[in-house]
Undergrad: 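What follows is a structure written as structure tokens; I'll ask about it next.
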Amino acid sequence: MNTALWIVQGLLAAMFLMSGFMKTFKSVDELAPKMPYVRDIPLALLRFIGISQLLIAFGLVLPWLTGIAPVLTGIAALGLALNMLIAALFHVKRAEWPGLPINLGIMAFALFVAYGRLFYAPSCGV
């Protein structure tokens, strides 16, 4: 179980490190071809989403890896699940159906990590 959790944590962290970096540092014009919704939200919100995704990416790995406040790994996973729920609702509102299964799938993996790190394997062990 620990190996499966680490694999999922690593994949989610890599995905959200890339996504967060793009939303934090790239311009709207650079992002718009692949993420058309960025033109419809305030730049400050886009940057907030990007920074929150960067923090989630680090939170999915570093606390458990270092043994410093490992409970934060489960909390970061819950934050990611909430982020994906909000993203799914946003895309439903805009009738952007192709992205919905992706949001829900990522949310399921995040909930798996949250459960695994908060309840199944609550003691830190790399």
Side-chain angles (χ1 to χ4, degrees):
M1 178 73 158
N2 193 44
T3 302
L5 287 166
W6 270 116
I7 290 169
V8 174
Q9 283 172 240
L11 291 172
L12 289 173
M15 186 184 324
F16 281 88
L17 195 60
M18 289 185 290
S19 176
F21 183 84
M22 289 187 329
K23 290 173 185 160
T24 301
F25 298 109
K26 288 196 172 199
S27 71
V28 171
D29 291 332
E30 290 176 291
L31 294 172
K34 291 187 180 183
M35 298 181 233
Y37 68 88
V38 298
R39 293 197 188 280
D40 300 333
I41 63 173
L43 182 61
L45 177 59
L46 178 65
R47 299 303 186 220
F48 173 77
I49 293 167
I51 291 167
S52 71
Q53 289 180 345
L54 288 172
L55 292 173
I56 287 169
F58 291 123
L60 285 170
V61 176
L62 292 179
W64 199 266
L65 183 64
T66 63
I68 300 170
V71 70
L72 293 177
T73 295
I75 293 170
L78 288 174
L80 175 54
L82 179 62
N83 185 288
M84 288 296 100
L85 177 62
I86 293 168
L89 294 173
F90 176 79
H91 292 300
V92 165
K93 181 180 175 189
R94 293 173 49 94
E96 296 172 346
W97 306 113
L100 193 59
I102 295 168
N103 293 133
L104 297 177
I106 293 170
M107 186 173 78
F109 281 117
L111 290 172
F112 167 71
V113 171
Y115 172 78
R117 292 305 184 203
L118 293 172
F119 303 109
Y120 183 77
S123 62
C124 185
V126 180

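The basis for the numbers below is simple: all heavy atoms, side chains too, and nothing from hydrogens, waters or symmetry mates. Quantities reported herein were computed from a predicted structural model and do not represent experimental measurements.
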Undergrad: Are any non-hydrogen side-chain atoms of Leu54 and Met18 less than 4.5 angstrom apart?
TA: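 No, side chains not in contact.
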Undergrad: Say whether Ile41 and Val28 are linked into one hydrophobic cluster, either directly or through other cluster members, by side-chain heavy-atom distances under 4.5 angstrom.
TA: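 Linked within one cluster.
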Undergrad: Between atom CG of Asn2 and atom CZ of Arg117, what is the distance when rounded to the nearest 0.5 Å?
TA: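 CZ of Arg117 is found 4.5 Å from CG of Asn2.
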Undergrad: Let me have the donor-acceptor pairs involving side chains of residues 73-91, under 3.5 Å, with sequence neighbours excluded, atom names and distances please.
TA:
{"residue": "Thr73", "atom": "OG1", "partner": "Gly59", "partner atom": "O", "Å": "3.4"}
{"residue": "Thr73", "atom": "OG1", "partner": "Trp64", "partner atom": "N", "Å": "3.1"}
{"residue": "His91", "atom": "ND1", "partner": "Glu96", "partner atom": "OE1", "Å": "2.5"}

Undergrad: Are Ile7 and Leu60 connected, step by step, through hydrophobic side chains (Ile, Leu, Val, Met, Phe, Trp, Tyr) whose heavy atoms are closer than 4.5 Å?
TA: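 No.
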Undergrad: Does any non-hydrogen side-chain atom of Leu100 lie less than 4.5 Å from one of Trp97?
TA: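 Counting from C-beta outward, Trp97 and Leu100 do come under 4.5 Å.
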Undergrad: State, yes or no, whether a side-chain contact exists between Leu43 and Leu46 at a heavy-atom distance under 4.5 Å.
TA: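 Side chain of Leu43 against side chain of Leu46, heavy atoms only: contact under 4.5 Å found.
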Undergrad: Please answer whether the main-chain N or O of Met15 pairs with a side-chain N or O of Ser19 as donor and acceptor at a distance below 3.5 Å.
TA: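 Not confirmed, Ser19 side chain does not pair with Met15 backbone.
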Undergrad: For Asp29, give me all partners under side-chain contact (heavy atoms from CB on, under 4.5 Å), at least two apart in sequence or on another chain.
TA: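 Per chain and number, Asp29 pairs via side-chain contact (heavy atoms from CB on, under 4.5 Å) with Ser27, Arg39.
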Undergrad: Below 4.5 Å, heavy atoms only, C-beta onward: do Leu72 and Phe58 meet side chain to side chain?
TA: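 Leu72 does not reach Phe58 side chain to side chain.
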Undergrad: Below 3.5 Å, can you tabulate the donor-acceptor pairs from side chains in residues 107-115 to any protein atom, sequence neighbours excluded?
TA:
none

Undergrad: Do Lys23 and Met35 have side-chain heavy atoms sitting under 4.5 Å apart?
TA: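 In contact.
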Undergrad: Test your reading of the model: is there a side-chain donor-acceptor pair from Gln53 to the backbone of Phe16, 3.5 Å cut-off?
TA: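 Side chain of Gln53 to backbone of Phe16: no pair is present.
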Undergrad: Is Ile49 linked to Val38 within one hydrophobic cluster, defined over Ile, Leu, Val, Met, Phe, Trp and Tyr using a side-chain heavy-atom separation of less than 4.5 Å?
TA: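 Linked, Ile49 and Val38 end up in one cluster.
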Undergrad: For Ile102, does the CD1 atom sit with more than 12 other heavy atoms under 6.0 Å from it, leaving out its own atoms?
TA: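 It does not: Ile102 CD1 has 12 such atoms or fewer within range.
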Undergrad: Going hydrophobic residue to hydrophobic residue with side-chain gaps under 4.5 angstrom, can you get from Val61 over to Leu17?
TA: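 Val61 and Leu17: separate clusters.
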Undergrad: Could you measure the distance from the CG atom of Asp40 to the CG atom of Leu45? Nearest 0.5 Å is fine.
TA: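 These two atoms lie 11.5 Å from each other.
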Undergrad: Grouping I, L, V, M, F, W and Y whenever their side-chain heavy atoms are under 4.5 Å apart, do Trp6 and Leu12 come out in a common cluster?
TA: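 Yes; tracing contacts between hydrophobic side chains, which count when under 4.5 Å, links both residues.
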Undergrad: Taking all non-hydrogen atoms of both residues into account, name the closest pair between Thr24 and Gly50 and its distance.
TA: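 Here Thr24 and Gly50 meet closest at OG1-C, 3.0 Å.
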